[in-house]
Number of protein chains: 2
Amino acid sequence: MDTPKTAKAATGPIRRATLQHSAVAELRAMILEGELPPGSRVPEVQLCEQLGVSRTPLREALRVLAAEGLVELRPHRGAVVTPVDPTDIAAIFQVMEALETLAATLACRNGTEAEFIELDRLHDQLMAQHKAGERAAYSMTNRRIHAWIVAMARNPALETTYSGFAAQILRARSLANYDADRWQESVDEHDGFMAALRSRDAATAGALLAEHSRRTADAVLRSLRQRMGKAAAAEVG
Amino acid sequence: MDTPKTAKAATGPIRRATLQHSAVAELRAMILEGELPPGSRVPEVQLCEQLGVSRTPLREALRVLAAEGLVELRPHRGAVVTPVDPTDIAAIFQVMEALETLAATLACRNGTEAEFIELDRLHDQLMAQHKAGERAAYSMTNRRIHAWIVAMARNPALETTYSGFAAQILRARSLANYDADRWQESVDEHDGFMAALRSRDAATAGALLAEHSRRTADAVLRSLRQRMGKAAAAEVG
DNA sequence: GCGTGCCAAATTGTATACAAAATCTCTATT
DNA sequence: AATAGAGATTTTGTATACAATTTGGCACGC
């Protein structure tokens, strides 16, 4: 069962994904990376050349990304990268707050001992990166912590929904850069809900994680509105 | 049968949507209606003939439905209507509970006077349909009430997520038929959270709606597991 | 000078032909 | 008889050609 007969090398031919699948991955990365900025039009043929695929798999990929909310499809008028609208982001954060609460509650109930240990390790890593001032590494670890808690909840529906919104929020955060004060505050909040999680206190963990989410939303939205305001002003002047 | 290929006649005052869009609507209806039962394979060409479209728009429609969770796409192996797995449904209900709580809370905060009046009207209609024993009409009104509350929350992200899961749950409910006792209980719960909503008591409304969701989940899952058990037994004998 | 209608260019929507992968079937061998 | 394997068949994945729709520009009329 596990010995491929004509297997030639170990590295190469594990599995070849479809072009559509890799187009989705490629485009998603381009959007989250900021290479395709929010609001930019997405002409099909141009992207086809860039990705080296024909329009058929590309169009199917665009439908997938539209379902994730990363692009908007206007019939007969092409696709645009979904603009980062503070109002929409605020709405997403509201839902995220509810999802994080649920995730923390379920994680306390369903997480394994090993998973809690790994969570502690990630938390230590986060603290070290904060102390060292490694912003990029910090935010990646931060994302991994939250995703890990969601995974501990053992709920596929929650996981899928969460990661979709997380991608949207990531885009917003890349535009909004919050200050050192908020960073310190955020670290303190992590300490708080981690304590609750360690003691398997579902209610407290849920409440603290929700509060953390709410405060993050406030900071991101404040910075976002400020930046958008400046951008609008620059456009006029 | 009703859409000849060369139909050029004025189908409507306004222009029709794209074939892909109507294919999505058609397929979604077929799945929710039970015409395409859970677990059934979905050969592309056969559906093309049935819907009168070519494979291109159909495949794009399948991607959309896959994102909604109504079909599963296995690379190179075709699509199947997502099976109704009690474990998955239970997970969805858990998320739904959190979403309903949020919806009730936000509805109290953001709903307009006119919307609350309409909500009352829907509730009265629900009560009348219960008294008359009109099960089908009742469950449609029931869905409209919940969707209405979600709409009152003024949160597009919530609305989209909610309706996706609602579709999944609808499929499960059509398989599971709960009894008269649960019906009466459900009606009483509606009375309860409606009272809280009328007085704009966000916390109580949220809690009661969550409890209603939880009890509905219990009833549906119980019936579902029972039915699945019977089906499995029938398969053996 | 400005608005209106129509034509041309570009872009998206759809159909179809072809390539690649998986499944099925039948045969040959142990 | 059971099983492995090689072809045949079916089904999905991709490219491309063509049709339909939108958009931009230009001439014409007010």
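Below, chain A is the first sequence line, B the second, and so on; all start at residue 1. No hydrogens, no waters, no symmetry mates; every other heavy atom, side chains included, goes into these values.
Both B/Pro43 and B/Thr56 lie close to DNA chain D; mapped to their nearest nucleotides by heavy-atom distance, the more 5′-ward contact belongs to B/Pro43. Positionally, the nearest nucleotide of DNA chain D for B/Ala79 lies more toward the 5' end than for the other of B/Ala79 and A/Gly52.
Distance NE2 (A/His21) to P (C/dA20): 21 Å, rounded to an integer number of Å. In this structure, the CZ atom of A/Arg74 is 23 Å from the P atom of D/dA20, given to the nearest Å. To the nearest angstrom, C1' of C/dT14 lies 15 Å from CD of B/Glu44. Between the CG atom of A/Leu19 and the C1' atom of D/dA15 there is a distance of 10 Å, rounded to whole Å. For the pair A/Leu73 CG and C/dT12 P, the computed distance is 10 Å after rounding to whole Å. The distance from atom CG of A/Leu58 to atom C1' of D/dT16 is 15 Å, rounded to the nearest whole Å. If you measure from atom CD of B/Gln46 to atom C1' of D/dT12, you get 15 Å, rounded to the nearest angstrom.
Between B/Leu62 atom CG and B/Glu72 atom CD the span is 12.5 Å, to the nearest 0.5 Å.
Taking every side-chain heavy atom of B/His76 into account, D/dG13 is the closest of D/dG13, D/dA15, C/dT14. With distances taken from any side-chain atom of B/Val53 to the nucleotides D/dT12, C/dT11, C/dA15, the minimum falls on C/dA15. The side chain of A/Gln20 sits closest to D/dT14 out of D/dA17, D/dT14, C/dA15.
In this structure, B/Arg77 reaches the C/dT23 phosphate: one of its side-chain N or O atoms is under 4.0 Å from OP1 or OP2. Regarding contacts with the backbone of C/dT12, every side-chain N or O of A/Arg55 stays at 4.0 angstrom or more from both OP1 and OP2. Contact annotation: A/Arg59 side-chain N/O to C/dT12 OP1/OP2 distance is not under 4.0 Å. Between A/Arg41 and C/dA10 there is no side-chain polar atom (N or O) within less than 4.0 angstrom of OP1 or OP2.
The residue A/Glu60 sits apart from the nucleic acid: no heavy atom pair falls under 4.0 Å.
Contact detail for A/Ala91 and B/Asn155: the closest heavy-atom pair is O-ND2, 3.0 Å. Closest approach of B/Leu158 and B/Ala153 over heavy atoms only: CD2-CB, 3.9 Å.
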>> Assess the residue pair A/Arg55 and A/Glu60 against the criterion (salt bridge (charged side-chain N to carboxylate O under 4.0 Å, His left out)); give the C-alpha distance rounded to whole Å, side-chain angles, the decisive distance to 0.1 Å, and a yes or no.
In response: CA-CA 9 Å; A/Arg55 284 180 58 213; A/Glu60 291 180 359; over 6 Å; no
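The pair B/Glu159-B/Arg154 does not count as a salt bridge, with every side-chain nitrogen at least 4.0 angstrom from each carboxylate oxygen.
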